[in-house]
Amino acid sequence: HTKNNGRNGYNFFQPSMNTLAQSQLQLNNDLWQALDNQELRLFYQPKYCAPSGPILGFEALLRWQHPTRGLLAPDIFLPIAEKTGMIVNIGNWVIDEACRQLHMWHLQGHPHWSVAVNLSAVQFEQSGLVETVQAALAKHQIPAELLTLEVTETTAMRDPEESVRILTELTRMGVKASIDDFGTGYSSLLYLKRLPASELKIDRAFVNELQAHSEDATIVSAIVALAQSLNLKVVAEGVETADQQAFLTGLGCNTLQGYLLGKPLPPERISELPNFVDAADALAQL
Ligand code: C2E
Ligand code: MG
Ligand code: MG
Ligand code: MG
């Protein structure tokens, strides 16, 4: 809506809204070019086995190197791509590119690493997803169990019955499923139990507030306990301080992600990360 009903009955433009709409339209046009022009890229954020353990793998996070606006975060352009359906094309590219990168790492002496890819709701519910995933695994010779698909709790619970069906089909191939941003949605525990996921990721909103608000500590403890009782791995995202890390590992949450351990980086910079080479990698090289 770019028009508004004025006090005296006239329709007039609200300049700020108009500018916003124009800028969204322009971004949408640019986005169609971005794929062809190879302006989309994946950054990779490490998942560590805590504390100070090896890198377990990486989460692929989408970035757009826009020709004039600079490096754009997904929150700026993914909502538009979801609306237009372009997210399916973009998402297919992400799956292929993450598998290609993982294969490169395997060749470079990191055969244990896994990669996680985020799926949008539209992409998750799109019928070609299984074929896309299968094709990427085969093309890049990736063992299925080294690919994780992250779906937010909100997406998974939109139509829980349907989510059980889709995730069953996907995990039958051997890929892993992870429930992202857990705690922010409204999970039916009944369906959570039935979802063939292997991992819960605690939303970083709870992790962020661990010191400030004791309710968040209670929620995080409850999520970890829930995950453990459902036999799910639990991952904490957004770990920024040593205190947060200590609290989480104290609860038995041993897979950590966050700026404290490593920010998302372009692939050419991941060798800067701590424990870049671990003992298992070194052994595998012999
Ligand atoms: P997410 O999957 O929950 O990813 C975590 C977000 O938190 C990432 O933001 C990451 O950069 C950020 N983060 C990680 N550690 C910290 C920390 O310690 N502190 C703070 N403040 N932030 C941290 P990013 O990369 O901007 O991505 C935002 C969201 O966009 C993602 O949330 C995911 O839902 C979506 N997304 C990213 N890449 C893709 C993609 O390829 N496809 C789809 N469909 N969605 C994507
Ligand atoms: Mg994620
Ligand atoms: Mg998340
Ligand atoms: Mg998120």
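Every number for a ligand or one of its atoms is a count from 1 in the order of the listing.
- Which parts of ligand 1 touch Glu237 is read off a 4.0 Å heavy-atom cut-off, strictly below it: atoms 3 (O).
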*List the steps, then state whether side chain to side chain contact (heavy atoms under 4.5 Å, CB included) holds for Asn208 with Glu240.*
CA-CA 7 Å; Asn208 265 335; Glu240 292 183 354; 3.9 Å; yes
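- Residue Leu61 touches ligand 1 through backbone and side chain together, judged by heavy-atom distances below 4.0 Å.
- Around atom 45 (N) of ligand 1, the closest heavy atom drawn from Leu78, Thr241, Val117 belongs to Leu78.
- A salt bridge links Glu59 to Lys201: at least one charged side-chain nitrogen sits closer than 4.0 Å to a carboxylate oxygen.
- Counting heavy atoms under 4.0 Å from ligand 1, residue Ser120 touches it through both backbone and side chain.
- Among the backbone and side-chain atoms of Glu237, none of the N, O or S atoms lies under 2.8 Å from the Mg ion (ligand 2).
- Atoms of ligand 1 lying under 4.0 Å from any heavy atom of Glu240, numbered from 1 in the order shown and given with element: 17 (C), 18 (O), 19 (N), 20 (C), 21 (N).
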*Evaluate the criterion ring-ring contact (aromatic ring centres under 6.0 Å, His included) for residue pair Trp113 and Tyr48; output intermediate values, then yes/no.*
CA-CA 11 Å; Trp113 286 357; Tyr48 277 96; 9.7 Å; no
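- In this structure, the separation between CG on Leu137 and CG on Asp96 is 10.5 Å, given to the nearest 0.5 Å.
- Residue Asp181 holds the heavy atom nearest to atom 3 (O) of ligand 1 of all those in Leu256, Ile87, Asp181.
- Shown in contact with Asp180 at under 4.0 Å from a heavy atom are these atoms of ligand 1, numbered in order with element: 1 (P), 2 (O), 3 (O).
- Rounding to 10 degrees gives 90° for the angle at the Mg ion (ligand 2) between OD2 of Asp180 and OE1 of Glu150.
- Under 2.8 Å from the Mg ion (ligand 2) lies no N/O/S atom of Asp181, from backbone or side chain alike.
- Between Gln45 and ligand 1, an N or O atom pair is found at a separation short of 3.5 Å.
- Neither the backbone nor the side chain of Ile90 has any atom closer than 4.0 Å to an atom of ligand 1 (non-hydrogen atoms only).
- Taking 2.8 Å as the criterion, Asn118 counts as a coordinating residue of the Mg ion (ligand 2), since one of its N, O or S atoms falls below it.
- At least one heavy atom of Gly238 sits closer than 4.0 Å to an atom of ligand 1.
- One finds no salt bridge joining Arg165 and Glu161 here, because no Lys/Arg side-chain nitrogen approaches an Asp/Glu carboxylate oxygen to under 4.0 Å.
- At a heavy-atom distance under 4.0 Å, only backbone atoms of Leu119 (N, CA, C or O) approach ligand 1.
- In Lys201, neither the side chain nor the backbone holds a heavy atom less than 4.0 Å from any atom of ligand 1.
- Those atoms of ligand 1 that come under 4.0 Å of a heavy atom in Val239, given as number and element, are 18 (O).
- Under 4.0 Å from ligand 1, not a single heavy atom of Gln257 appears.
- Closest to atom 33 (C) of ligand 1 by heavy atom, among Ile76, Asp75, Asn118, is Asn118.
- The name of the N, O or S atom in Glu59 nearest to the Mg ion (ligand 2) is OE2.
- For the ligand labelled ligand 1, residue Arg63 lies inside the 4.0 Å heavy-atom shell.
- For ligand 1, the polar-atom distance check against Leu260 finds no nitrogen or oxygen pair separated by under 3.5 Å.
- The closest side-chain donor-acceptor pair between Asp243 and Gln211, if any, does not fall under 3.5 angstrom.
- Using a 4.0 Å cut-off between charged nitrogen and carboxylate oxygen, Lys176 and Glu150 do not count as a salt-bridge pair.
- Remark: ligand 1 atoms within the under-4.0 Å shell around heavy atoms of Pro264 are 11 (O).
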